[in-house]
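The structure appears below as C-alpha cells.
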Number of protein chains: 2
Amino acid sequence: MAKDNGVSLSVIKRLPKYYRYLESINDRGIVRVSSKELSEITGLTASQIRQDLNHYGCFGQQGYGYNVRELMDELSKIIGVDKKYKMVLVGFGNIGHALYKYKSFQDLGYHIDAVFDLEAREANENDPEIVSIEKLPDYLKNNKVDIGIISTPKDASQEVCDILCDGNVDGIWNFSPVDIKTKNDVVLENVHLDESLFTLTYFINSPEDFNF
Amino acid sequence: MAKDNGVSLSVIKRLPKYYRYLESINDRGIVRVSSKELSEITGLTASQIRQDLNHYGCFGQQGYGYNVRELMDELSKIIGVDKKYKMVLVGFGNIGHALYKYKSFQDLGYHIDAVFDLEAREANENDPEIVSIEKLPDYLKNNKVDIGIISTPKDASQEVCDILCDGNVDGIWNFSPVDIKTKNDVVLENVHLDESLFTLTYFINSPEDFNF
DNA sequence: TAGATTGTTAATCGATTAACAATC
DNA sequence: TAGATTGTTAATCGATTAACAATC
C-alpha cells in the first residue's frame with residue numbers, strides 16, 4: 001500500500017516511539033527485526049505495529065521481517081527528522097534556558113538561531129545574545145524560521161504565537177501552560193507540564209484506576 | 001452516578017484541562033458555566049464534557065449548569081491537587097535545573113525537598129545543595145517521598161527508577177527520553193520532549209494530514 | 001520446500017456523539 | 001410555568017486486535 005493521507009493522530013504519535021526503539025536496536029548492531037520482536041520491546045501489539053507502518057508503505061518482507069536500518073531511514077523521512085530545522089526561542093526563563101542548552105536536539109539537526117525575551121542582553125560566556133522581543137517581527141521577515149518555541153509566561157504566549165504565525169513559521173512548540181491558537185495553518189504542539197504532573201497525581205491517588 | 005472506577009485514560013487526561021479552564025473562568029469572577037460554554041472554550045463537545053464529569057459524580061444542575069467554584073473544587077479533589085506532595089529531583093542538568101526553579105509547581109503544593117546528582121555540591125546563592133546519588137536509597141528510607149523526578153541522561157534513568165521504586169515513592173515523573181519500567185505499583189508519567197518535537201516535525205512536513 | 005512473517009481484510013472493542021427524558 | 005441544561009442511554013464512529021492468504 002502506498003502513502004496514505006489522513007492517518008490518525010494515534011498512529012502519528014506512535015511513530016517517534018518506533019523511531020526511538022529502532023535507533024537503539026540499530027545501535028546494538030541488530031540488522032533485522034520482526035513486528036513480533038518490536039511488539040515485545042515496545043509493549044504494543046505486533047498487529048498494530050504492522051498496521052501503523054503500512055499506512056506509509058510496505059517496508060517489510062514476508063518470512064523475514066524488517067531491515068532495521070532501512071525501516072529507521074524510512075521513518076526518519078516520514079517524520080521529517082532527516083531534515084534540518086531553524087528555530088527561534090521566545091522566553092528565556094527556566095524552561096527556555098534548559099531548552100537552549102539541551103544538546104540532543106541540536107545533534108538531531110534542530111538549531112536555535114536566535115533567542116528573544118523582554119529585555120535585550122549581550123551574549124556572555126554562559127548565555128547567548130538575548131534579542132528584544134520587539135525585534136521578533138523584523139527578524140522573522142528577514143530570516144526563514146521553521147519552528148518557534150514559546151517558553152514565555154502564560155499571559156504573553158498568545159501574543160507571541162500571533163507574531164510567530166504572522167512571521168510564517170511552520171510550527172510552534174509551546175511550553176506555556178495554556179492552549180493557544182495558531183493561524184495560517186501553523187502547526188502547534190504543546191508540552192503541558194502542568195497537565196502531565198496532574199495526570200501523575202491523579203494516578204497516585206487512584207491506584208485502583210489502572211485499566212491498561 | 002457515584003464515583004466510578006475504571007475510567008479510561010482518555011477521560012483522565014482531559015481532567016487537568018478542565019481544571020485549568022475552570023481556574024481561569026473562576027479567576028474572571030464567573031460563577032456558573034454550562035457544558036455548552038465549556039465546550040466553546042475548550043473545543044471539546046458538550047456531550048463529552050458532561051459524560052467525563054459524570055464518571056465522578058453529578059456536579060451540575062438541570063437548567064443551570066455547573067457552579068464554577070464547586071466544580072473546580074471537586075476536580076481538584078479528583079485529581080488530587082488539593083494535597084501537598086514531597087518530591088526529589090534526580091539529575092541536575094539543564095532540565096533538572098529548570099524544574100527546580102519552576103515556581104508554579106511549588107505554588108500548587110509540589111515541593112522538591114532534595115536534589116541528587118553524580119557529584120555532591122554545597123548549596124550556593126543560585127543553586128540548592130546537590131546530594132550524591134549514592135545517598136538516595138538512604139534518603140528514601142528516612143524520608144517519605146511522593147514523587148521522584150528523573151532528569152538524568154538516558155543511560156542512568158532505569159537504574160534511578162529502580163532505586164526510587166525500591167524506596168517506595170508513589171510516582172515517577174520521567175524526563176529522560178526512554179521508556180523505563182517501574183515496579184511495586186509505582187505510577188509512571190513520561191514527558192518525552194523528543195517525541196513531542198518529532199510529532200511537530202511530522203505535521204510540519206505533512207500539512208495535508210490534518211484530520212481533526 | 002517448509003517455516004516464518006508480512007500486508008490486509010474482517011471482527012471486536014472502546015470512545016465519542018447524539019438524543020432525550022428528567023428536573024431545576 | 002416555560003426554558004434551559006443536566007445525566008444517561010442508545011447510536012455512531014474510529015481504533016485496535018485477530019485472522020489468514022500471500023509470499024519471501
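Just so we're on the same page: letters track the sequence lines, and every chain starts at 1. Because only heavy atoms are used, hydrogens play no part in the values below, and waters and symmetry mates are left out as well, while side chains stay in.
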Output yes when a side-chain donor or acceptor of A:Ser39 lies under 3.5 Å from a complementary backbone atom of A:Leu44, and no otherwise. yes
Exercise: do B:Asp179 and A:Tyr21 side chains pair donor with acceptor under 3.5 Å: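 Yes.
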Please check if any side-chain donor atom of A:Gln158 sits under 3.5 Å from a side-chain acceptor atom of A:Asp162, or the reverse.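 Yes, side-chain donor-acceptor contact under 3.5 Å.
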To the nearest Å, how far apart are [X] [atom1] and [N] [atom2]?
{"X": "B:Gln51", "N": "C:dG14", "atom1": "CD", "atom2": "P", "value": "15 Å"}
{"X": "A:Leu44", "N": "D:dA18", "atom1": "CG", "atom2": "C1'", "value": "16 Å"}
{"X": "B:Asn54", "N": "C:dT16", "atom1": "CG", "atom2": "P", "value": "15 Å"}
{"X": "B:His55", "N": "D:dT6", "atom1": "NE2", "atom2": "P", "value": "17 Å"}
{"X": "B:Asp52", "N": "C:dA15", "atom1": "CG", "atom2": "P", "value": "11 Å"}
{"X": "A:Ile49", "N": "C:dT8", "atom1": "CD1", "atom2": "P", "value": "17 Å"}
{"X": "B:Gln48", "N": "D:dC13", "atom1": "CD", "atom2": "P", "value": "16 Å"}

C:dA4 phosphate, OP1 or OP2: any side-chain N/O from A:Tyr66 under 4.0 angstrom?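 Looking at the OP1 and OP2 atoms of C:dA4, neither is under 4.0 Å from any side-chain N or O of A:Tyr66.
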Is there side-chain contact between [X] and [Y], with heavy atoms separated by less than 4.5 Å?
{"X": "A:Lys84", "Y": "A:His111", "value": "no"}
{"X": "A:Pro177", "Y": "A:Leu193", "value": "no"}
{"X": "A:Asp194", "Y": "B:Ser104", "value": "no"}
{"X": "A:Leu71", "Y": "A:Tyr18", "value": "no"}
{"X": "A:Asp166", "Y": "A:Pro137", "value": "no"}

For DNA chain D, find the residues of residues 29-38 of chain A with a heavy-atom distance under 4.0 Å and give them by number; none if there aren't any.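 Result for residues 29-38 of chain A: none.
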Can you check each nucleotide of nucleotides 19-24 of chain D against protein heavy atoms at under 4.0 Å and return B for base, S for sugar-phosphate only, - for none, in 5' to 3' order? B--BBB
Please confirm whether the ring centroid of B:His97 lies under 6.0 Å from the ring centroid of B:Phe92. yes
Centres of the A:Phe105 and A:Trp173 rings: under 6.0 Å? yes
Determine the interplanar angle of the B:Tyr110 and A:Phe198 rings, folded into 0 to 90°, and report it as parallel if under 30°, tilted if 30 to 60°, perpendicular if over 60°.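 It falls in the parallel class, under 30°.
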Could you spell out the base pairing of DNA chain C as a dot-bracket line? Use Watson-Crick and G-U wobble contacts where both distances are under 3.5 Å, [ ] for crossing pairs, | for partners on a different strand. ..||||||||||||||||||||||
